[in-house]
Peer 1: 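Sharing a structure here in structure tokens format.
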Amino acid sequence: MSRPSKGARLYLVTRTGRSPVWVIRDGACEISTRTGHRGEAETALAAYIADRDQRATPRSCLAADEMTVAHALTLYGEEHGPTVADPQRIGYAIEALMTFWGNLRVAAIRGETCRTYARQRGRAPGTVRRELGTLQAALNHCVREAIFSARRR
């Protein structure tokens with residue numbers, strides 16, 4: 001019978017010719033804290049445990065009839081928007097999309113509702129196409145991040 005895991009902990013490694021360094025041991029994994037100071041090592045251990053626990057907690061994956069378009073657009077704007085060269089462009093598109101799509105569920109996105117959006121928007125076809133492209137990118141982002149499932153349950 002194997003021994004139960006002791007969990008993540010600090011261990012002082014001393015090597016000849018080098019100053020001692022604290023490492024984090026977690027099972028067979030060893031991660032250097034790159035410091036010999038106990039307080040800094042404990043801070044690194046706390047950050048390691050928090051990061052590990054956050055990665056281990058899965059997000060619940062919503063179905064198309066459970067998630068609103070506003071939720072998808074908000075997540076896309078917050079998570080992806082800051083990483084692009086021109087985040088204002090995404091912001092403008094999200095603002096325009098929210099007025100029509102905001103309260104609707106993702107399951108309501110169909111060809112007919114897109115055509116209705118284009119008629120009500122009253123802008124050039126290229127503008128509407130770019131805005132709907134932002135909507136598509138927001139939904140793809142949610143699928144990639146496992147927030148939304150495109151499959152039916």
Side-chain angles (χ1 to χ4, degrees), residues 4-11 21-35 37-153:
S5 172
K6 292 182 182 178
R9 63 199 182 281
L10 289 174
Y11 181 74
V21 175
W22 288 98
V23 295
I24 300 169
R25 277 193 182 170
D26 191 9
C29 180
E30 279 193 7
I31 300 149
S32 175
T33 61
R34 298 182 179 149
T35 183
H37 187 261
R38 175 72 186 207
E40 292 173 4
E42 288 176 355
T43 303
L45 175 64
Y48 170 79
I49 291 172
D51 184 52
R52 181 195 63 190
D53 291 346
Q54 185 178 14
R55 282 183 281 129
T57 306
R59 286 183 176 173
S60 61
C61 196
L62 300 173
D65 58 344
E66 297 172 340
M67 184 174 187
T68 63
V69 175
H71 187 191
L73 290 170
T74 302
L75 287 172
Y76 180 69
E78 290 174 353
E79 294 177 4
H80 182 69
T83 65
V84 297
D86 190 9
Q88 285 183 335
R89 186 172 300 221
I90 291 176
Y92 294 142
I94 288 174
E95 187 177 326
L97 290 164
M98 284 287 211
T99 57
F100 180 84
W101 297 100
N103 295 329
L104 295 176
R105 301 284 177 185
V106 172
I109 300 173
R110 292 191 168 79
E112 182 56 38
T113 51
C114 290
R115 287 185 289 278
T116 303
Y117 171 74
R119 280 191 302 274
Q120 286 186 4
R121 182 77 172 110
R123 297 282 189 239
T127 302
V128 173
R129 181 179 34 82
R130 280 189 294 277
E131 290 170 355
L132 290 175
T134 302
L135 176 61
Q136 180 181 9
L139 296 175
N140 288 339
H141 173 77
C142 289
V143 169
R144 274 192 308 274
E145 296 294 322
I147 299 166
F148 159 70
S149 174
R151 296 185 189 131
R152 291 190 175 144
R153 291 183 184 186

Peer 1: If you count the non-hydrogen atoms of other residues, nucleotides and ligands that lie under 6.0 Å from CD in Glu30, is the total more than 12?
Peer 2: yes
Peer 1: Between Arg25 and Val23, is there a donor-acceptor pair closer than 3.5 Å when you use the side chain of the first and the backbone of the second?
Peer 2: no
Peer 1: Would you check if the side chain of Thr83 reaches a backbone N or O of Glu79 as a donor-acceptor pair within less than 3.5 Å?
Peer 2: no
Peer 1: In chain order, what residues pass the side-chain contact (heavy atoms from CB on, under 4.5 Å) check against Asn140, with sequence neighbours excluded?
Peer 2: Gln136, Arg144
Peer 1: Quick check against the 3.5 Å criterion: does Arg105 have a side-chain atom that pairs as donor or acceptor with the backbone of Glu66?
Peer 2: yes
Peer 1: Please say whether more than 12 non-hydrogen atoms of neighbouring residues, nucleotides or ligands are located less than 6.0 Å from CD in Glu112.
Peer 2: yes
Peer 1: At their closest point, which heavy atom of Ile90 faces which heavy atom of Gly81, and how far apart are they?
Peer 2: CD1-CA, 4.3 Å
Peer 1: Does Phe100 CZ have over 12 foreign heavy atoms under 6.0 Å away?
Peer 2: yes
Peer 1: How close do Leu73 and Ala138 get, heavy atom to heavy atom, and via which atoms?
Peer 2: CD2-CB, 3.8 Å
Peer 1: In Å and rounded to the nearest 0.5 Å, what is the CZ to CG distance from Arg121 to Leu97?
Peer 2: 8.0 Å
Peer 1: For Leu135, run the side-chain contact (heavy atoms from CB on, under 4.5 Å) check against Trp101, Tyr117, Tyr76 and tell me which one passes.
Peer 2: Trp101
Peer 1: Taking all non-hydrogen atoms of both residues into account, name the closest pair between Cys114 and Ile109 and its distance.
Peer 2: SG-CG2, 4.3 Å
Peer 1: What are the two closest heavy atoms between Leu10 and Trp22, and how far apart are they?
Peer 2: CB-CE3, 3.9 Å
Peer 1: Rounded to the nearest 0.5 Å, how far apart are NE2 of His37 and OG1 of Thr43?
Peer 2: 9.0 Å
Peer 1: For Ala70 and Gly102, which heavy atoms make the closest approach, and how far apart are they?
Peer 2: CB-O, 3.1 Å
Peer 1: Between Arg110 and Thr113, does a side chain to side chain donor-acceptor pair (under 3.5 Å) hold up when you go through it step by step?
Peer 2: CA-CA 5 Å; Arg110 292 191 168 79; Thr113 51; over 6 Å; no
Peer 1: If I take atom CE from residue Met98 and atom CG from residue Asn103, how far apart are they, to the nearest 0.5 angstrom?
Peer 2: 9.5 Å
Peer 1: Quick one: pull up CD in Glu131 and CZ in Arg123 and give me the separation to the nearest 0.5 Å.
Peer 2: 8.0 Å
Peer 1: What distance separates Thr134 OG1 from Arg129 CZ, expressed to the nearest 0.5 Å?
Peer 2: 11.0 Å
Peer 1: Which pair of heavy atoms, one from Ala8 and one from Ile49, lies closest together, and at what distance?
Peer 2: CB-CG1, 4.1 Å
Peer 1: As a quick check of understanding, evaluate side chain to side chain contact (heavy atoms under 4.5 Å, CB included) for Val106 and Leu139, giving each step before the final call.
Peer 2: CA-CA 8 Å; Val106 172; Leu139 296 175; 3.9 Å; yes
Peer 1: If you measure from CG on Leu75 to NE2 on His141, what distance do you get to the nearest 0.5 Å?
Peer 2: 6.5 Å
